[in-house]
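Structure first, commentary second.
Heavy atoms only: backbone and side chains are in, while hydrogens, waters and symmetry mates are out.
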Protein chains: 2
Amino acid sequence: MSLRFALLALLRVGPLSGYDLQKQFALSVGHVWHAPDSQIYPELRKMEAEGLVEGEEQARGQRGTRRVYHVTDAGERAFQEWMRSPLEYARVRDPAHLRAAYLEASTPAAAREFFRAHIAQWEGELAQWEGELKRIAALDNPMLARRLAATPPPDRERTVAFKRFTYEGLVERARGEIDWARRGLALVDGLEAADGEWAGSGANGA
Amino acid sequence: MSLRFALLALLRVGPLSGYDLQKQFALSVGHVWHAPDSQIYPELRKMEAEGLVEGEEQARGQRGTRRVYHVTDAGERAFQEWMRSPLEYARVRDPAHLRAAYLEASTPAAAREFFRAHIAQWEGELAQWEGELKRIAALDNPMLARRLAATPPPDRERTVAFKRFTYEGLVERARGEIDWARRGLALVDGLEAADGEWAGSGANGA
DNA sequence: GTCCGCATGTAAGCCGTTACATGATTAG
DNA sequence: CTAATCATGTAACGGCTTACATGCGGAC
């Protein structure tokens, strides 16, 4: 349900083709809301059918065409409404913590592997988000630059401030996950040292 | 895809009916992996069809019946395999940070309301998880008690340790979100003070 | 002329949500 | 006898994933 607002957020700074949108998406909003192209193109069509955006067919070479979308008044209103409406939070569904809660049922080796993978996963995200923070500070992101160019000077500080603030939050979250998993590794060490019997032969269920 | 493993994790400590399972689910695994009853019953049927669990029809009163499920060997193997296999992380899709990144497009009032709701949301989760932590420390959770009763004494420490560790991680995450949102409120104050013009009349897009 | 990037999708399927539907048993 | 709780689902729909499908344009 948020995809359309992510798309509107990008289109609000100026018209883009589906293709460009999709490329820019991956480099900006995509860092907080992933979406593959196979979802973006149909969603744009749906939004057009609902009057939130309008697409103009443009010629490209002899036979090629591309569809350039821009936000309509209704689209802008929908975006503003979304901004003012309470956010719908997804129910918790966290595979990593689900597994962590039952790690005693497995082996020390598997537990370590799990935590190592968790660290790797979040270090990847961390790198993305830290990179984005740097690009924000340097005004080095193409969409952000375009947005600032279209923003009256007194409003620019705010625009940058919220982007920075958002990514700071994400960076902290990633660090938290990494810290937690590191402590998980230490916990496995401790438990294994305390009890040589944790071979994890398997069944200790009923 | 994790739902079945959450169900297996519960059933591994002993047979349960769909109904009991669903009740216990909400009080234990449900804190990390939400699932409504309307998903649990069909999933149990599917798991039975795949041989992971077996259900026995039991009489209840004159005409009533209930189906009591237990884990099969294949189910136990599937659980162990899952424990050893790399976890599939969902792509990032975070409506709160999505909105946060574009808060300059809205009004200070709406921004504050957003952060307040974020705090309320995570304080709710925090209360759940802290409550669960206390119940773990007091061995006051019915499923945990049952599990410990079915666990050989030397293995009990580990069982409790991983539960505690899991919920500690969740508590920290919640605190992180709350801290972030509090700083968001401060940021809105600062930006509003710095520039009286942020009335958020709306359109500052293209 | 060939390859890379531009450009746009469709199809099948799973997972999950919300709402609805039904009836039996037991405690008061 | 009435309400709560035990007990088990179905139906419709939406969002997302994965894989597949197609063809043009420009650069080398």
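Atom CG of B:Leu21 and atom C1' of D:dT8 are 13 Å apart (whole Å). To the nearest angstrom, C1' of D:dT8 lies 9 Å from CG of B:Asp37. Protein atom CH2 of B:Trp33 is 10 Å distant from nucleotide atom P of C:dC15, rounded to whole Å. Between the CD atom of B:Gln58 and the C1' atom of C:dA24 there is a distance of 16 Å, given to the nearest Å. Separating the NZ atom of B:Lys46 from the C1' atom of C:dC14 is a distance of 7 Å, rounded to the nearest angstrom. Per the geometry, CD1 belonging to A:Ile40 stands 11 Å off P belonging to D:dC16, to the nearest Å. A:Glu48 has its CD atom 12 Å from the P atom of C:dT8, to the nearest Å. Separating the CG atom of A:Leu44 from the C1' atom of C:dG9 is a distance of 12 Å, rounded to the nearest angstrom.
Using a 4.5 Å heavy-atom threshold, the side chains of A:Leu10 and B:Tyr102 count as touching.
Residue A:Tyr41 has its side chain nearest to C:dG9 when only C:dT10, C:dG9, D:dT8 are considered. Comparing C:dT8, D:dC16, D:dA7 by their closest approach to the side chain of A:Leu3 singles out D:dC16. Proximity note for B:Arg93 (side chain, C-beta onward) versus C:dA7, D:dT8, D:dC16: the nearest is D:dC16.
Considering every non-hydrogen atom in both A:Glu88 and B:Pro95, the closest pair reads O-CG, 4.1 Å.
Comparing A:Glu43 and B:Ser17 against DNA chain D, the residue whose closest nucleotide sits nearer the 5' end is B:Ser17. Heavy-atom distances to DNA chain C give each of A:Thr65 and A:Pro42 a nearest nucleotide, and the one nearer the 5′ end belongs to A:Thr65.
Without hydrogens or angle criteria, B:Trp129 side chain to B:Arg173 main chain gives no donor-acceptor distance under 3.5 Å. Of the possible donor and acceptor atoms, one in the side chain of B:Thr166 sits under 3.5 Å from a partner among the backbone N and O of A:Ala101. The main-chain N or O of B:Arg66 is never found under 3.5 Å from a side-chain atom of B:Glu56 such that the two would form a donor-acceptor pair.
Close to D:dT8, at under 4.0 Å from its OP1 or OP2, lies no side-chain N or O of B:Tyr19. Contact between the side-chain N/O atoms of A:Arg45 and the OP1/OP2 oxygens of C:dG9 is found at a separation under 4.0 Å.
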With a 3.5 Å cut-off and sequence neighbours excluded, list the donor-acceptor pairs that the side chains of residues 26-33 of chain B form with protein atoms.
unit_1  : atom_1 : unit_2   : atom_2 : d
B:Ser28 : OG     : B:Gln24  : O      : 2.8
B:His31 : ND1    : B:Ser28  : O      : 3.3
B:His31 : NE2    : B:Gln128 : OE1    : 3.3

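For B:Phe5, the ring-ring contact (aromatic ring centres under 6.0 Å, His included) partners are B:Trp82, not counting sequence neighbours.
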| query | Tell me, for nucleotides 18-28 of chain D in 5' to 3' order, what letter each nucleotide earns: B for a base near a protein heavy atom under 4.0 Å, S for only sugar-phosphate near one, - for neither? | reply | BB----SS---

